[in-house]
Structure formats: structure tokens, C-alpha cells
**Student:** 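Just passing along the structure, written as C-alpha cells.
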Amino acid sequence: MIPRWVYLPAALGAGLVILPLAGLASRVAWGDFLGLVTSDSALTALSLSLRTSLTSTLLCVLLGVPMALVLARTEFPGQGVVRSLVLLPLVLPPVVGGIALLYTFGRRGLLGTELDLLGVQVAFSTTAVVLAQTFVSLPFLVVSLEGALRSAGRRYEVVAASLGAAPTTVLRRVTIPMVLPGLVSGAVLAFARSLGEFGATITFAGSLEGTTRTLPLYIYNLRVTDPDAAVAMSLVLVVVAVGVIGLASQGPRERRSMP
């Protein structure tokens, strides 16, 4: 039971989220919708967004799983500081992240000279899009998986180790399967965040059609040249995001329903 008065602010909060989406849907030119969202430039932007988001999500998994394991299963001096730095992109304005990436991987950045000598151009390339998306999305996976690891505890891992299982075997056969719903949820949320990334991308990668102009950047440019297309593509992005978030919520729901 919850107090009845709670329903009023809850309804107001829901309205604050739902009404703008309804306003967006009310401005869609439904008669031209299919043509607006299937133009060559729209499909190019959508394809680039999906490809880079999938790549950045894979990077988040490869890097985020070890990070979450270290934060959840070990203790070391300065661990709180490390955790704060890992989670910093959650609260950092994306444009600041883009500037930080530019001054790290750009031609005159911290690693730019060495990369330039190797003939590697990172800034204003598709690689820059992936790095920007990974930078802002990685904390989502780390937070989700670290929470799952702490909730699961270490009992089964200790039992497996006491039976002679090597640490890698424990990780592969016990830990990962045990927190798989949290890992999947974190990966899906990271994908959703990558798909909607704008600030860090436009600062670090620019807006080059077919190379760095992802769907959010494409929508931003359309606001001036073709408002109807901008609204239509915005609705597409909303639908994709809702679907992704729905997928992310399935894992925790299934886990709660288990006896």
C-alpha cells in the first residue's frame, strides 16, 4: 500500500513525459511519413547510427564487464575515486566529453601526434563516433552490472572455488550466468544511449553525411531545412528507444518473477 496522495505527483510526472511525446506525434505529417523516413539521407543516417551503436555497445561489454568485476569484487585504495571517474560521463555534459575526446585523440591532442605519425586519423571520422558513443554509454553498463554483482553476492563463486574451479572457470560458469540479466539490461541501455548520443559526437566527430552524421545529428540539421522530416525522424527515434527500453526491462522483470 502507498498513500493516495502519491498518485497525484506520479500522474504529473507521467504527464510531463507523455505530453511532449503526444505533441510530437500530433505534428507528424502522416500522409508523407513513409516517404520522409525512407529517403536516402534518412536511411543513411539510420544505418550509420545502428552500426556505430552496435559497435560501441560491443566495446562497452568488452571493457565494462572487467570494470564492473573489479569494482564489485575487489577492494583497493582510492576505489571510490575510481568509481566516481568511471561514472563521470553520466553527469558530465556530452559536449564537454566531446571536447575531452578531441583534446585526447585529435591531431593536436594528447595522443594525436603519435596517432598522426602512424597515419591514423580519429577525429571527425566514424571511429570518432564510436568512441564518443562508448564514452557516454560505458557507465550505464558498468552501473547495471556492478549492481547485479553486488546483489548476487559471492556465495556460489566461493563454493565453486572451494571445489577446485579456477578463477576463469568460476567467472565463465558461475558469475556471468548468474548476472546475465543485469549484463543484458546494461548492454541494451548502453545501446539506447549510443543511439541517442548527440553532444559528444558533433563536437568530436562533426556532422559529415555518410561518415559521422548519425540520426540525432541528421534530425538536428533537418529542423531548419525540412521540419516535417525532422518530426518524422524524431518519432522513429522515439519508437526505437521505447522498444530498446522495453527489452531492457524484460530481464529484471523475469528475474523478479522467478520463484
Side-chain angles (χ1 to χ4, degrees), residues 13 17 21 46 48-74 79-101 104-105 126-152 171 175-205 214-217 219 237-256:
V17 175
L21 299 179
L46 179 59
L48 179 64
S49 288
L50 292 175
R51 286 187 285 109
T52 55
S53 296
L54 287 171
T55 304
S56 63
T57 302
L58 178 60
L59 283 176
C60 286
V61 171
L62 293 177
L63 302 176
V65 171
M67 291 169 65
L69 286 167
V70 170
L71 291 174
R73 291 292 189 260
T74 64
Q79 187 172 12
V81 176
V82 172
R83 179 181 287 106
S84 298
L85 292 175
V86 169
L87 303 183
L88 186 61
L90 287 174
V91 297
L92 196 68
V95 66
V96 176
I99 293 174
L101 290 169
T104 301
F105 298 102
T126 305
T127 301
V129 176
V130 174
L131 287 176
Q133 292 174 344
T134 304
F135 179 81
V136 301
S137 303
L138 185 59
F140 287 86
L141 187 140
V142 174
V143 166
S144 179
L145 186 55
E146 184 188 1
L149 286 165
R150 293 185 182 278
S151 298
L171 175 64
T175 307
I176 296 300
M178 185 170 55
V179 298
L180 188 59
L183 175 57
V184 172
S185 295
V188 173
L189 290 175
F191 175 80
R193 181 64 185 87
S194 295
L195 194 63
E197 162 52 31
F198 175 82
T201 303
I202 197 170
T203 306
F204 179 44
T214 57
L215 193 55
L217 274 64
I219 292 170
L237 192 55
V238 168
V239 171
V240 173
V242 169
V244 168
I245 293 172
L247 287 174
S249 66
Q250 292 301 312
R253 183 179 300 117
E254 292 173 357
R255 184 171 54 188
R256 288 195 298 268

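The first residue of the sequence shown is numbered 1, and numbering continues consecutively from there.
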**Student:** Shortest non-hydrogen contact from Ala190 to Thr57?
**Tutor:** C-OG1, 4.1 Å
**Student:** Report the C-alpha distance between Val65 and Ile176 in whole Å, list the side-chain angles of each, state the deciding distance to 0.1 Å, and finish with yes or no for side-chain contact (heavy atoms from CB on, under 4.5 Å).
**Tutor:** CA-CA 9 Å; Val65 171; Ile176 296 300; 4.2 Å; yes
**Student:** Would a 4.5 Å heavy-atom cut-off, applied to side chains only, mark Leu141 and Leu189 as touching?
**Tutor:** no
**Student:** Is there a side-chain contact between Leu87 and Phe140, using heavy atoms and a 4.5 Å cut-off?
**Tutor:** no
**Student:** If we only count heavy atoms from C-beta on, is the Thr175 to Leu69 side-chain gap below 4.5 Å?
**Tutor:** yes
**Student:** For the atom pair OG (Ser194) and CG (Leu50), what is the distance rounded to the nearest 0.5 Å?
**Tutor:** 11.5 Å
**Student:** Indicate the atoms forming the closest heavy-atom contact of Val136 with Ala200, along with that distance.
**Tutor:** CG1-CB, 4.3 Å
**Student:** Measuring only between side-chain heavy atoms, which start at C-beta, is Glu146 closer than 4.5 Å to Met67?
**Tutor:** no
**Student:** Find the distance between OG (Ser144) and CG (Leu149) and round it off to the nearest 0.5 Å.
**Tutor:** 9.5 Å
**Student:** Is Thr201 close to Phe135 at the side-chain level, that is, under 4.5 Å between some pair of heavy atoms?
**Tutor:** no
**Student:** Say you draw a straight line from CG of Leu71 to CG of Leu145; how long is it, rounded to the nearest 0.5 Å?
**Tutor:** 10.0 Å
**Student:** Can you check side-chain contact (heavy atoms from CB on, under 4.5 Å) on Leu180 and Leu183, steps first, answer last?
**Tutor:** CA-CA 5 Å; Leu180 188 59; Leu183 175 57; 4.2 Å; yes
**Student:** Is any side-chain heavy atom of Thr55 closer than 4.5 Å to a side-chain heavy atom of Thr52?
**Tutor:** no
**Student:** Shortest non-hydrogen contact from Val86 to Pro139?
**Tutor:** O-CG, 3.4 Å
**Student:** Can you name the nearest heavy-atom pair linking Glu197 to Leu217, along with the distance?
**Tutor:** O-CD1, 4.4 Å
**Student:** Measuring from atom CZ of Phe204 to atom CG of Leu131, what distance do you get when rounded to the nearest 0.5 angstrom?
**Tutor:** 5.5 Å
**Student:** Enter the distance from Arg193:CZ to Thr134:OG1 here, rounded to the nearest 0.5 Å.
**Tutor:** 11.5 Å
**Student:** Check each of Leu59, Leu58, Leu54 against Val130 using the side-chain contact (heavy atoms from CB on, under 4.5 Å) test, and report the only one that passes.
**Tutor:** Leu59
**Student:** For Arg150 versus Arg73, what's the shortest heavy-atom pair and its separation?
**Tutor:** N-NH1, 4.2 Å
**Student:** Checking Ser137 against Ser56: is there a side-chain donor and acceptor pair closer than 3.5 Å?
**Tutor:** no
**Student:** Taking the side chain as C-beta and beyond, is there a heavy-atom pair between Leu237 and Pro216 under 4.5 Å?
**Tutor:** yes
**Student:** Minimum heavy-atom separation for Leu195 to Ser49, with atom names?
**Tutor:** CD1-CB, 3.8 Å
**Student:** Got Thr214 and Gln133 here, is their nearest side-chain heavy-atom distance under 4.5 Å?
**Tutor:** yes
